[in-house]
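To keep things clear, I will list the structure first and then write my remarks on it.
None of the values given here were measured: they were computed from a predicted structure.
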Amino acid sequence: MDSVKLHFKKLDDRARAPQYGTEFAAGADLYACMDEPVVIGPGDTAFIHTGIAMEIPAGLVGLVYARSGLACKKGLAPANKVGVIDSDYRGEIMVALHNHSKEAIEIEDGERVAQMVIAPYLYAQYEETAELEETVRGAGGFGSTGS
């Protein structure tokens, strides 16, 4: 399995390094780093500090996803569905958690709040054209390939 060295900086002494839960986990857990618990009301969103900043190498991106346990058991997931951490960002990694449940949920310091996958990406050079190549599907949109 390939790996890449990724530097991170603790912005708070209590911050925890991202950590993989198992040997073959794709996402590393991100941990809350807060002075006091945060209560997220039903339908509300709160920004959760992680206390870390990262130096993601050029050509890679940090993708912040929901943790399945937090999403399924508590109804909490990133408000933007997938957070994107660009390689030129050096600020604190924050997770905007949205409460999809019907009750207030408390997040405590040190709790795992999201997972981050490091992935390569291509930088596209967008070029306008008058015509696009034809395909079998064509302009068929949502639901056009079956149920």
Side-chain angles (χ1 to χ4, degrees), residues 1-128 132 135 137 139-147:
M1 181 181 323
D2 291 338
S3 67
V4 63
K5 188 171 286 191
L6 199 146
H7 296 126
F8 76 95
K9 177 181 177 181
K10 284 188 177 183
L11 305 174
D12 185 305
D13 289 337
R14 298 166 300 162
R16 293 182 60 178
Q19 190 170 15
Y20 293 99
T22 66
E23 181 183 0
F24 296 106
D29 290 328
L30 297 176
Y31 297 84
C33 183
M34 309 174 299
D35 293 328
E36 56 190 40
V38 170
V39 176
I40 308 173
D44 290 342
T45 300
F47 288 93
I48 307 299
H49 293 265
T50 66
I52 61 172
M54 294 188 181
E55 186 178 307
I56 298 173
L60 299 177
V61 62
L63 300 173
V64 179
Y65 294 99
R67 290 194 66 255
S68 58
L70 202 59
C72 295
K73 295 176 184 174
K74 294 186 177 183
L76 295 176
N80 52 346
K81 306 304 177 211
V82 178
V84 175
I85 304 169
D86 296 311
S87 62
D88 59 350
Y89 178 66
R90 294 295 185 268
E92 181 180 10
I93 305 300
M94 306 249 313
V95 178
L97 276 185
H98 183 78
N99 184 351
H100 295 275
S101 79
K102 294 182 179 167
E103 56 189 57
I105 305 291
E106 184 176 272
I107 297 295
E108 297 182 13
D109 180 51
E111 188 170 346
R112 296 177 295 173
V113 293
Q115 60 181 322
M116 183 172 61
V117 174
I118 302 298
Y121 67 90
L122 296 174
Y123 193 84
Q125 294 181 11
Y126 294 94
E127 185 177 305
E128 185 177 357
L132 300 176
T135 66
R137 181 175 181 176
F142 296 105
S144 66
T145 62
S147 7

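- Met54 is not listed as a side-chain neighbour of His7, based on a closest heavy-atom distance of 4.5 Å or more.
- With a 6.0 Å radius and a threshold of 12 heavy atoms from other residues, nucleotides or ligands, Phe47 has its CZ atom at or below the threshold.
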Dump the intermediate steps for side chain to side chain contact (heavy atoms under 4.5 Å, CB included) on Val84 and Val61, then the final yes or no.
CA-CA 7 Å; Val84 175; Val61 62; 3.6 Å; yes
Please test Val64 against Val82 for side chain to side chain contact (heavy atoms under 4.5 Å, CB included), starting from the C-alpha separation and ending with a verdict.
CA-CA 5 Å; Val64 179; Val82 178; over 6 Å; no
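- Here the CG-CD1 distance, from Asp44 to Ile105, works out to 11.5 Å after rounding to the nearest 0.5 Å.
- Side-chain contact between Leu70 and Arg112 is absent, with no heavy atoms from C-beta onward closer than 4.5 Å.
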With side chain to side chain contact (heavy atoms under 4.5 Å, CB included) as the test, would you mind laying out the steps for Ile48 and Met34 before giving the verdict?
CA-CA 8 Å; Ile48 307 299; Met34 309 174 299; 4.0 Å; yes
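- Salt bridge present: Lys74 and Glu111 bring a charged side-chain N and a carboxylate O closer than 4.0 Å.
- Closest non-hydrogen pair, Asn99 versus Ile40, comes out as ND2-O, 2.8 Å.
- The backbone N or O of Ile52 lies less than 3.5 Å from no partner atom in the side chain of Lys10, so there is not a single donor-acceptor pair.
- Contacts classified as side-chain hydrogen bond (donor to acceptor under 3.5 Å, both in side chains) and involving residues 18-27 (residues at least two apart or in different chains) are given here: Gln19-Tyr31.
- Considering all non-hydrogen atoms of both residues, Pro57 and Val4 come closest at CG-CG2, 4.2 Å.
- Residues Gly91 and Ala53 share a closest heavy-atom pair of O-CB, 3.4 Å.
- With contacts defined as side-chain heavy-atom distances shorter than 4.5 Å, the pair Pro37/Ile107 does not qualify.
- Without hydrogens or angle criteria, Arg67 side chain to Asp29 main chain gives no donor-acceptor distance under 3.5 Å.
- At most 12 heavy atoms of other shown residues, nucleotides or ligands fall within 6.0 angstrom of atom NZ in Lys9.
- Contact check on Asp35 versus Arg14 returns a salt bridge, with a Lys/Arg side-chain nitrogen under 4.0 Å from an Asp/Glu carboxylate oxygen.
- Under a 3.5 Å cut-off, the side chain of Tyr89 and the backbone N or O of Glu92 do form a donor-acceptor pair.
- Between the CE atom of Met116 and the CG atom of Leu30 there is a distance of 5.5 Å, given to the nearest 0.5 Å.
- The line from CD of Gln115 to OG of Ser68 is 7.0 Å long, rounded to the nearest 0.5 Å.
- The NE2 atom of His100 sits 9.0 Å away from atom CG of Leu97, with the distance rounded to the nearest 0.5 Å.
- For Gly27 against Val117, the heavy-atom pair with the smallest separation is CA-CG2, 3.8 Å.
- When all heavy atoms of Gly110 and Arg16 are compared, the pair lying nearest together is O-NH1, 3.8 Å.
- A donor-acceptor pair is defined here as one N or O able to donate and one able to accept, closer than 3.5 Å; such a pair exists between the side chain of Thr50 and the backbone of Ile93.
- For the pair Leu6/Ile56, a side-chain contact is recorded, criterion being any heavy-atom separation below 4.5 Å from C-beta on.
- The number of heavy-atom neighbours closer than 6.0 Å to CD of Glu36, taken from other residues, nucleotides and ligands shown, is 12 or below.
- Scanning all heavy atoms of the two residues, the minimum distance from Gly51 to Cys33 falls at N-CB, 3.8 Å.
- Formation of a donor-acceptor pair under 3.5 Å by the Asp86 side chain with backbone atoms of Asp88 is not found in this model.
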